[in-house]
Structures are given as C-alpha cells and as structure tokens.
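Worth knowing before you read on, the calculation uses all heavy atoms, side chains too, and leaves out hydrogens, waters and symmetry mates. Every value quoted in this text rests on a predicted model; they were computed, and no experiment measured them.
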Amino acid sequence: MSKIKNTNVSNLHTPPFHIAKRDDIVWWKAWSIRAISIILALIICGVITVALTKLNPVSVYLTMIDGAVGTSRLVWNLFQNTAILLCVSIAVTPAFKMRFWNIGAEGQILIGGLATATCMIFIGDKLPTPMLIFIMLLSSILAGAVWGLVPAYLKTRFNSNETLFTLMMNYIAIQIVAYFTLEWSVPKGSGTPRTLEFGQLPMLFGQKYLINILIVAVLTIIMYIYLKYSKQGYEISVVGESENTARYIGINVKKVILRTMAISGAICGVAGFLLVAGTDHSLKSDTSAGRGFTAIMVSWLAKFNPVFMVLTSLLIVFLEKGASKISEVYRLNSSFSDIITGIIIFFIIGSEFFINYKIKFNKKEKEANV
C-alpha cells in the first residue's frame, strides 16, 4: 500500500499575518509608540538631509531646537503659538467627537477677529479699557457662535453636507475680512492693515502673551471636564457613536448638533479675539494662518482629549518654528524644511495605526496523513 501525503490546501493560502484591532491601550504604551515613531522619523530625515544637502543632520536638529527655544523670547513665542493652536483644537473637538465635520474653523476665527476689530475701531476711544475688552470678547464669542450655527441649522433642517458648507463659509469669511481690511487700511485703500491701538490685552507679570496662555489653559480644563463628566459631553459621545441610538434613548439630536456647533464656533471666536487683541493688534485675511486646518490634525492625534492636545499642539508648533530656522541658517529652500516637518508628522500620524491595530503573524500548521 503506497503512502499518500495529504496536505491541507487551506494552509497553503494562509497569509503570513493578519491585522487585528487592539483593545483599549494604556496611555503610556500609546505615547511610547508615538515616541518611537518620532525617533524613526528623525533617522529618516537625517538620511535625507545628508543625501540632499550633505549637512550634518545632528547640526540641523540642533538648529531646529535653537530656532524654537533658543532664547526666552522664542520660548514665549512658542507658548503663544501653541496656545492659539490649542484654542482652535479644543474648539473643533466637540464637533468632531459628535461626527459633525466642522472644516470651518478658519472662517469662525476670522469672524471672531472681525467682531473684535470692529469694537476696537468704533468704540475703542469711548469706553474704559476693561469694559471695552469685555465687549470685544463677548462680540467675538457671539460672532463665532453665529457663524458655527449657520451650517448646523442647515444640517438639522435640510440635511446639508456640513463638510462642504463649513468649507465654503471659510471663503466667505476670508472675503468679508479682506474687504474690511482694505476699508480700514492706513492710508485708506492701501491694503496696509490698520494698527488697532485701543483694547489691546495688557501685559501680565511683564509678559506680553501670558494672558493669552492663561485664557487658553482655563478653556482647556473646562473643555476636558465638559466632555468627560458633563451630561452634554455624554450626549455628544452618544450622537457621535450613533444618532439612531441617541434618538432611541431620548436625546434630542438636532438640539445637540446646534448647541455643540455654537460652542465650537464660540471658542473659535475667542481664538480670533486673542489673535487680534492679544497678538497681532491688527486684522488681515490670513490672521488665522491655517490654524483651523492644523487643529483638525491636533484633535485627531490626541483622540479628542484636550489634555493630550497640549502635547500635540506644542510638538507641531515646535516643528514649524524649528523648520523655519533651518531654512534661515543654512539658506535652504523653504521646501526642504517642509519636507522635514512633513516626514515627522507623517510618522506621527502613521503611529496611530499601530496604536489602534496590531499585526499578528499566522502559524502554518501542516498535517501529513499516512
């Protein structure tokens, strides 16, 4: 009787590995994965630096650090920019956690800044500074909230596409601000932004940006508590998971969408107030400087956790400041510094895959029957 070797055919086609979703990973493991991704990104950037420029990558990285925190002035500037980006990030977070894709933070910032500038120009010399600042802040909050409510209302009333609608409202806000910037320019029609003298936020303990940083710190703590412990924060989470489930347990989904977008727009308005009254002391169509889009990445990387957004905001601003220093010192094309920044951010975003999923290698078992 001859021996016949039977091979399990299914094993021949078994892939070498498969991807499985992780259970909730502890925070320190998640941040360890992110740290490893940054180290790998720096190695890749070093190789590219040597290949393209023949520069010592260590010197380039030291220059990046010096450009971000080389002096006390740079440190405060770093914290200031981090605070503004963080402010916009915590603004878009409630909407994104609710799965309402608010791409309109840029416009909401600009409209808030426009409301602030209007107060500074027309009633700046008529009111005491504390009262003026209060009215400026209130105006920017209301303006941002209204700008956020418009797409929210159309979503709840006509089921419009909020991504496209909020994006288009950015362009409307940009053109409105561009118009008034030209109208208020000095001399009129020159396009030179008018310096807003009345209502500037005061220095605190000798530091120009400290009050901005403190305001954003308070907002961050409030948003963390609001999302994690409040009833409204719970409703946002439920609506984000499933609108049908939310309706089934008695949550008014339309009310939650309107309220959340009003909050999101209002905080963007605060960011506009801080930029105009506390940082630039002027208004331009690029006052928001793309922070509305960068904030989306910050919010997602931090998993909608306002505390972790502090770290992600700081990292992104650090990279931006350091990259500009590289271009300045080594007289390189600004595109090179963008390449370095892009690679690092790409690795950080890519690390989220390994935080959410794990790769399991399959063991092939071959059976022989005689």
Side-chain angles (χ1 to χ4, degrees), residues 15-22 25-71 74-75 77-79 81-82 85-86 88-89 96 289-305 307-362:
F17 64 88
H18 69 277
I19 298 171
K21 188 170 179 60
R22 290 183 185 271
I25 187 171
V26 295
W27 68 270
W28 64 266
K29 285 186 177 180
W31 284 97
S32 297
I33 292 173
R34 292 187 180 102
I36 292 171
S37 72
I38 293 174
I39 292 172
L40 291 175
L42 291 176
I43 294 172
I44 297 298
C45 290
V47 173
I48 292 174
T49 299
V50 173
L52 296 181
T53 67
K54 309 302 181 185
L55 295 171
N56 184 339
V58 176
S59 299
V60 172
Y61 295 148
L62 290 175
T63 301
M64 178 180 287
I65 295 172
D66 183 63
V69 294
T71 64
L74 289 174
V75 170
N77 190 267
L78 175 71
F79 288 160
N81 282 276
T82 300
L85 179 58
L86 177 60
V88 184
S89 301
F96 273 84
R291 292 181 178 91
F293 299 111
T294 307
I296 297 171
M297 180 171 60
V298 171
S299 182
W300 276 93
L301 284 175
K303 300 291 183 66
F304 310 130
N305 187 319
V307 175
F308 291 152
M309 286 179 208
V310 177
L311 298 177
T312 51
S313 298
L314 180 62
L315 175 63
I316 289 176
V317 174
F318 176 88
L319 291 175
E320 290 176 350
K321 297 296 180 183
S324 63
K325 185 69 173 180
I326 292 173
S327 298
E328 177 188 337
V329 171
Y330 295 104
R331 300 185 182 279
L332 297 173
N333 189 301
S334 60
S335 298
F336 176 77
S337 59
D338 291 338
I339 291 172
I340 299 297
T341 302
I343 290 173
I344 295 173
I345 292 177
F346 174 80
F347 269 76
I348 294 172
I349 295 174
S351 69
E352 296 302 308
F353 171 83
F354 296 98
I355 292 172
N356 295 314
Y357 300 92
K358 55 185 174 182
I359 298 175
K360 289 187 174 181
F361 291 92
N362 299 320

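Counted within 6.0 Å of CZ on Phe353, heavy atoms from surrounding residues, nucleotides or ligands total more than 12; the atom is thus considered enclosed. No more than 12 heavy atoms of other residues, nucleotides or ligands lie within 6.0 Å of CZ in Phe79, so this atom counts as exposed by the packing criterion.
Thr294 places no side-chain N or O within donor-acceptor distance of the main-chain N or O of Arg291, the cut-off being under 3.5 Å. Using a distance-only test at 3.5 Å, with no hydrogens or angles considered, no donor-acceptor pair links the side chain of Ser299 to the main chain of Ile296. Checking side-chain atoms of Asp66 against main-chain N and O of Leu62 turns up no donor-acceptor pair under 3.5 Å. Remark: side-chain polar atoms of Ser351 are paired, donor with acceptor, to backbone N or O of Ile348 under 3.5 angstrom.
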- Apply side-chain contact (heavy atoms from CB on, under 4.5 Å) to Leu86 and Val298, showing your working. CA-CA 8 Å; Leu86 177 60; Val298 171; 5.7 Å; no

- Query: Passes side-chain contact (heavy atoms from CB on, under 4.5 Å), Trp31 versus Leu311? Steps please.
  - Reply: CA-CA 11 Å; Trp31 284 97; Leu311 298 177; 3.9 Å; yes

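Asn77 and Asn81 make their closest contact through O-ND2, 2.8 Å (heavy atoms, listed as atom of the first residue, atom of the second, distance). Taking each heavy atom of Tyr61 and Gly46 in turn, the nearest pair found is OH-N, 3.0 Å. In terms of heavy-atom proximity, Ile344 sits nearest to Cys45 at CG1-SG, 4.0 Å. Summarising the geometry of Val88 relative to Ala295, their closest heavy-atom pair is CG1-CB, 3.6 Å, with the distance given to 0.1 Å. When all heavy atoms are compared, the tightest approach of Arg34 to Leu301 is NH2-O, 3.2 Å. The shortest non-hydrogen separation linking Lys54 to Ala51 is NZ-O, 4.0 Å.
With Thr63 as reference, Val329 is the one residue of Leu55, Val58, Val329 to meet the side-chain contact (heavy atoms from CB on, under 4.5 Å) rule. Evaluated for a side-chain contact (heavy atoms from CB on, under 4.5 Å) with Thr49, the options Thr53, Val47, Leu52 yield exactly one hit, Thr53.
A distance of 10.0 Å separates CD in Glu320 from CG in Leu78, rounded to the nearest 0.5 Å. Rounding to the nearest 0.5 Å places OG of Ser32 at 15.0 Å from CZ of Phe354. Annotation: the span from Asp338 atom CG to Ser324 atom OG amounts to 10.0 Å, rounded to 0.5 Å.
For the pair Ile44 and Phe347, the minimum side-chain heavy-atom distance is below 4.5 Å. Here the side chains of Leu74 and Val69 are not in contact, with every heavy-atom distance at 4.5 Å or above. Met64 has its side chain within reach of Leu319: a pair of non-hydrogen atoms, C-beta onward, lies under 4.5 Å apart. For the pair Ile345 and Ile349, the minimum side-chain heavy-atom distance is below 4.5 Å.
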